[in-house]
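A, B, ... follow the sequence lines: proteins, then strands. Residue 1 opens every chain.
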Protein chains: 2
Amino acid sequence: MAAQRGQRNGVGPAAPNAAEVTAPIPRVAEVPAARERARAIPEAAVARLAVYLRVLSGLQEQGAGTVSSEELAVAAGVNSAKLRKDLSYIGSYGTRGVGYEVAVLIEEIERILGLTRKHSVAVVGIGNLGHALANYGGFPGRGFPVSALFDIDADLIGVPVGGIPVDHIDDITRVCAEREVSIGVIATPPPAAQGVCDRLVAAGVQCILNFAPVVLQVPDHVEVRKVDLAVELQVLSFHVARRADGPAPASASLNGRVDGMVVS
Amino acid sequence: MAAQRGQRNGVGPAAPNAAEVTAPIPRVAEVPAARERARAIPEAAVARLAVYLRVLSGLQEQGAGTVSSEELAVAAGVNSAKLRKDLSYIGSYGTRGVGYEVAVLIEEIERILGLTRKHSVAVVGIGNLGHALANYGGFPGRGFPVSALFDIDADLIGVPVGGIPVDHIDDITRVCAEREVSIGVIATPPPAAQGVCDRLVAAGVQCILNFAPVVLQVPDHVEVRKVDLAVELQVLSFHVARRADGPAPASASLNGRVDGMVVS
DNA sequence: CTGACTTTGTGCACACGTTCACAAGCGGTA
DNA sequence: TACCGCTTGTGAACGTGTGCACAAAGTCAG
């Protein structure tokens, strides 16, 4: 979340009945509004939009033309009111009494998430995880071509992984510039992470996805997201421990899931 | 955040002066406050506690005896007030005017996170990611021994990965029971995820870490956390796009990071 | 023993995110 | 055309989490 220093307009204690934000102008005037709107989307909502997008793609493949907020919400595992609010952040693309047109929604979410432009990804650290990431099919299929791989191990240099040859980390600046990499993924051992991060930043990468269990220091203009597997497990561990204490609320639980669908 | 249905005792506006943990006199009827307290720790704080724990381990290896909230906060990348509040959720283990004793803090955080007990982990889906997880050193070193691996591919069965032989997914119930697996990790292709999830639940697994881009349906008593790589990238993409619009705040940024530390 | 200094622990206020509930708006139907 | 039922979009209430600022509580020097 880094920055955020910017003072927000004095919304204060819930602007009583502030001038209707929707503006008197019919939503035809979308030019500045659409872009300006993006700044206001809560981080949490952005992450959910990505989930909706995936669900919508699935629906589209099944030939669905429209969906109601209720259907989509269930499929995405959220409350329908939240879903509608999330969608309202990007505009009004639904039809009352009917629902949302799948194709339109996909297009709009992709636009807001910036997926209309391809974002080249560079993966640094071609160990087990790096291999997995380089081969991960979910990336290129969704607008994130992995276009560069780096490592420091001489044995790996030049060897293609997932179709892309591994470059030496010393060439990171040049290669990233050449291939217009905008997102860097750090999958190195912890001690190397900050150094790699610095190099990525120097190479002009704007966003970093960090898998190393290290707190990265970056300039304000660089966005970092981290995925820490150990932390995830520890949070789960906490829940196990918490449950072990409480006298357990008897049965109750075991809700109405019935389908015994099994891996096929 | 699946469940949460349970009605919380009317803590309401901050229990006036919650009994001090160390005090032998639990003025609120209930039992050991320490356990009860666990229920009140915000999810976000739990995740940060895990981070503090990692930083503390590093400090301990460097021979540090005590740390102030300020030092620890900087190392963990958070605000010191937030850190103190997070620590206050687990008790009062600091000394005013001095700071926290590293060893004590480590012990207490581990206790709260339930790390004093080992949690066996089962990884399902031994593809690229599954391999990475099976070999990931961060798990066993921190109380999470990976003790079972499963896949549906006959060619993999019996082959040891990271020292553990792969079992067929059909044996999941038996093997998980034998090895007392409490945490399941799903690293299968999306279509297989829900089926695997159902089997894990049937096998008695209480918590699941899901890497498949699918919304899992589980009974209320099972805790699920998901890691979705595509979503992470899309959120980053959103930030890139957002930045591309705004007139860019000129330079400014580039804060005072100086150390040119580079991967060695 | 006293007083100055340091750092914790937390009350409070604010901002953010979630949920509810309902008016507005649209399609279908007679 | 006028009505009816359905679904969206959103104002407002609520709950949670964050950050500030300070009293309480301890150390250390003299």
So, does Arg84(B) get its side chain near the phosphate of dG11(C), meaning an N or O under 4.0 Å from OP1 or OP2? no
Please report the distance, rounded to the nearest Å, between CD in Glu43(A) and C1' in dG17(C). 13 Å
Heavy atoms under 4.0 Å is the rule here; annotate nucleotides 23-30 of chain D 5' to 3' with B where the base is hit, S where only the sugar-phosphate is, and - elsewhere. -BBSS---
Would you tabulate the nitrogen or oxygen pairs shorter than 3.5 Å linking the protein to nucleotides 3-5 of chain C?
none

How long is the line joining CG of Leu87(B) and C1' of dT7(C), in whole Å? 13 Å
Is the side chain of Arg84(A) donor-acceptor paired with the backbone N or O of Ser69(A) at a distance under 3.5 Å, no angle test? no
Check the distance between dT16(D)'s C1' and Arg48(B)'s CZ and give it to me in whole angstrom. 12 Å
All N/O donor-acceptor pairs, side-chain side in residues 94-101 of chain A, below 3.5 Å, sequence neighbours left out:
none

Determine the minimum heavy-atom distance between Cys207(B) and Val205(B), stating which atoms define it. O-CG1, 3.1 Å
Those residues at least two apart in sequence (or on a different chain) that pass salt bridge (charged side-chain N to carboxylate O under 4.0 Å, His left out) with Glu71(A) are none
Can you tell me how far apart CD (Glu223(B)) and CZ (Arg242(A)) are? Round to the nearest 0.5 Å. 6.5 Å
Would you say the side-chain atoms of His119(B) pair up with the backbone N or O of Gly114(B), donor to acceptor, closer than 3.5 Å? yes
Criterion side chain to side chain donor-acceptor pair (under 3.5 Å) on Ser80(B) and Glu70(B), from CA distance to verdict: CA-CA 5 Å; Ser80(B) 72; Glu70(B) 184 61 31; 3.3 Å; yes
Rounded to the nearest angstrom, tell me the gap between atom CD1 in Ile90(B) and atom C1' in dT8(C). 14 Å
Rounded off to whole Å, could you give me the OH-to-C1' distance for the Tyr89(B) and dG17(D) pair? 7 Å
Between Ser237(A) (side chain) and Leu113(B) (backbone), is there a donor-acceptor pair under 3.5 Å? yes
Is it true that a side-chain atom of Gln194(B) and a backbone atom of Gln217(B) form a donor plus acceptor pair closer than 3.5 Å? yes
Test salt bridge (charged side-chain N to carboxylate O under 4.0 Å, His left out) applied to Arg48(A) - qualifying residues, sequence neighbours left out: Asp86(A)
Residues from residues 49-79 of chain A lying under 4.0 Å of DNA chain D - heavy atoms: Ser68(A), Ser69(A)
Protein-nucleotide distance (Ile41(B), atom CD1; dT10(C), atom C1'), rounded to Å: 16 Å
Please determine whether a side-chain nitrogen or oxygen atom of Lys82(B) lies at a distance below 4.0 Å from atom OP1 or OP2 of dG19(D). yes
Of dG9(C), dT18(C), dT18(D), the nucleotide closest to the side chain of Lys85(B) is dT18(D)
Minimum heavy-atom separation for Val214(A) and Pro190(A), please, with both atom names. CG2-O, 3.5 Å
For dC26(C), does OP1 or OP2 lie under 4.0 Å from any side-chain N or O of Tyr100(A)? no
